[in-house]
Amino acid sequence: DVQLQASGGGLVQAGGSMRLSCAYSGVASSDYAIGWFRQVPGKDRMAVSCFSRKDLRTYNADPAKGRFTTTSDNAKNTVYLQMNNLKPEDTAIYYCAALPNAWCEMLSPYGVSYWGKGTQVTVSS
């Protein structure tokens, strides 16, 4: 069965850093990429990044470019989201998800096959 679990959220000051983890199982690298998404109350869920395990590259949405880095530790079945220079507008619930490798670059929540439970990130000013 497919399982995805995001963790590592919490409270951080603006300008600080935080690393989120996505532990996954049941999603073969030949089929699925691991993506990060975020959502604030009253707004649409939006992509942050997607790591293709076929191409071994990361596709970043605009808010992540230059500040966030997505990496993979295959031995631990974990994908990380390193967030630097955090801003109050980064405050959201962050979700990791599995989606087809070929759809990774689309950076769309509508391409997601499986969602994990989110972790709250709060950036104070």
Any donor-acceptor N/O pair, [X] side chain to [Y] backbone, under 3.5 Å:
{"X": "R38", "Y": "R45", "value": "no"}
{"X": "R53", "Y": "A33", "value": "no"}
{"X": "S113", "Y": "L99", "value": "no"}
{"X": "N60", "Y": "S49", "value": "no"}
{"X": "T119", "Y": "G9", "value": "yes"}

Considering all heavy atoms of both residues, which atom of [X] and which atom of [Y] are nearest to each other, and what is their separation?
{"X": "I93", "Y": "G118", "result": "CG2-CA, 3.7 Å"}
{"X": "N85", "Y": "S17", "result": "N-OG, 4.3 Å"}
{"X": "C96", "Y": "A6", "result": "SG-N, 3.9 Å"}
{"X": "P100", "Y": "G111", "result": "CD-O, 3.4 Å"}

[atom1]/[X] to [atom2]/[Y] distance, rounded to the nearest 0.5 angstrom?
{"X": "C104", "Y": "D55", "atom1": "SG", "atom2": "CG", "result": "8.0 Å"}
{"X": "Q5", "Y": "S21", "atom1": "CD", "atom2": "OG", "result": "10.5 Å"}
{"X": "M106", "Y": "Y59", "atom1": "CE", "atom2": "OH", "result": "11.5 Å"}

Step through the shown structure and confirm whether more than 12 heavy atoms of other residues, nucleotides or ligands are within 6.0 Å of CD on Q120.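 Yes, CD of Q120 has more than 12 neighbouring heavy atoms, counting only those of other groups under 6.0 Å.
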Flag yes if more than 12 heavy atoms outside W115 fall under 6.0 Å of its CH2 atom; otherwise flag no.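 Yes.
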As a quick check of understanding, evaluate side-chain contact (heavy atoms from CB on, under 4.5 Å) for L4 and C22, giving each step before the final call. CA-CA 6 Å; L4 301 114; C22 175; 4.1 Å; yes
How about [X] and [Y]: do any of their side-chain heavy atoms sit closer than 4.5 Å?
{"X": "M83", "Y": "Y94", "answer": "yes"}
{"X": "M18", "Y": "V121", "answer": "yes"}
{"X": "W36", "Y": "V79", "answer": "yes"}
{"X": "Y80", "Y": "D73", "answer": "yes"}
{"X": "P109", "Y": "M46", "answer": "no"}
{"X": "V2", "Y": "S25", "answer": "no"}
{"X": "V112", "Y": "F37", "answer": "yes"}

Ring pair (Phe, Tyr, Trp, His ring centres under 6.0 Å), that's the test. Do Y32 and Y114 meet it? Break it down for me. CA-CA 10 Å; Y32 293 104; Y114 305 99; 5.8 Å; yes
Option among T58, L20, D90 that satisfies the side chain to side chain contact (heavy atoms under 4.5 Å, CB included) test with F68: D90
Distance only, no hydrogens: is a donor on one side chain within 3.5 Å (strictly under) of an acceptor on the other, for S29 and D31?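 The answer is no; no qualifying pair exists.
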Mind checking what makes side-chain contact (heavy atoms from CB on, under 4.5 Å) contact with A23, not counting sequence neighbours? T78
Path from L81 to L107 over hydrophobic side-chain contacts below 4.5 Å: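 Different clusters.
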Determine whether Y95 and V48 fall in the same hydrophobic cluster, where Ile, Leu, Val, Met, Phe, Trp and Tyr are linked whenever their side-chain heavy atoms lie under 4.5 Å apart. no
